[in-house]
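One-based numbering along the sequence shown. Worth saying up front: this structure is predicted, and the values here are computed from it rather than measured.
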Amino acid sequence: MRSNTRSFNRSRASGVPQWCGCGCRPVLRWSTTEANPNKPFFGCPNYNINGKRWCGLFVWADIGEEDLRGRVISTVDGDQVRVDLAWRIGKIEAEVRTQKMYILVLALFIVFFVGFILVV
């Protein structure tokens, strides 16, 4: 795993970004490796999920265990799901608008090209 160093809106209390590169809130997990057994870290919720792209966000949670209880971010948080879904819908709508514009430009080009061929 690698640490994502892109610019994110980070909370002031820690080095954990408010949002990961996928547009989701980072989730708290615990390491299962031999080198760092049960060490807490924040990561992208899309990590190791079939069909989902992982942005690479990984930040060790360097705080005491008592502080983690109040900072755990649930992966089933209703508000987060709505924000994530709204972001993804907006992204898809923007892609649809772009594709429609490409189709319109292509159609105009074809009409002008066919008109030019018929005139010549």
Side-chain angles (χ1 to χ4, degrees):
M1 288 188 266
R2 63 178 170 77
S3 176
N4 196 340
T5 57
R6 286 185 258 171
S7 63
F8 291 108
N9 181 16
R10 294 181 184 270
S11 63
R12 292 181 184 210
S14 70
V16 180
Q18 298 271 336
W19 304 96
C20 73
C22 300
C24 303
R25 287 207 180 262
V27 294
L28 180 65
R29 298 186 177 168
W30 281 264
S31 172
T32 58
T33 65
E34 287 183 30
N36 297 296
N38 296 323
K39 185 173 180 180
F41 66 93
F42 288 93
C44 175
N46 293 333
Y47 175 70
N48 213 16
I49 305 262
N50 285 336
K52 298 233 179 173
R53 192 189 92 239
W54 176 51
C55 69
L57 176 68
F58 177 87
V59 179
W60 288 116
D62 294 329
I63 55 179
E65 189 173 320
E66 62 281 349
D67 293 336
L68 290 177
R69 289 188 193 99
R71 299 194 48 190
V72 173
I73 301 167
S74 172
T75 58
V76 191
D77 182 19
D79 291 337
Q80 173 55 38
V81 170
R82 276 180 282 219
V83 168
D84 186 35
L85 189 57
W87 178 81
R88 290 176 187 205
I89 288 172
K91 185 176 174 184
I92 291 170
E93 287 174 342
E95 290 176 7
V96 167
R97 283 192 299 273
T98 301
Q99 293 299 323
K100 284 182 178 181
M101 184 60 69
Y102 287 146
I103 291 170
L104 178 62
V105 169
L106 181 61
L108 288 173
F109 175 78
I110 291 172
V111 167
F112 284 121
F113 182 76
V114 169
F116 176 78
I117 295 296
L118 292 176
V119 172
V120 174

Nearest-0.5 Å distance, CZ of residue Arg25 to CZ of residue Phe42 | 11.5 Å
Nearest heavy atoms of Pro26 and Pro45, plus distance in Å = CA-CD, 4.5 Å
Least distance between heavy atoms, Cys55 atom then Gly21 atom | SG-N, 3.3 Å
Where is the tightest heavy-atom contact between Cys24 and Arg88, given as atom of each residue plus distance?
-> SG-NH2, 3.6 Å
Only distances under 3.5 Å count here; give the side-chain donor-acceptor pairs of residues 95-120 to other protein atoms, sequence neighbours excluded, each with its distance to 0.1 Å.
residue: Thr98; atom: OG1; partner: Ala94; partner atom: O; Å: 3.0

Minimal heavy-atom distance between Ser31 and Phe41, with the atoms involved, is N-CE2, 3.5 Å
Should Lys39 and Trp30 be marked as a side chain to side chain contact (heavy atoms under 4.5 Å, CB included) after you check the CA-CA gap, both sets of side-chain angles, and the distance that decides it?
-> CA-CA 5 Å; Lys39 185 173 180 180; Trp30 281 264; over 6 Å; no
For Trp60 and Pro40, the nearest pair of non-hydrogen atoms, with its separation, is CE3-O, 3.4 Å
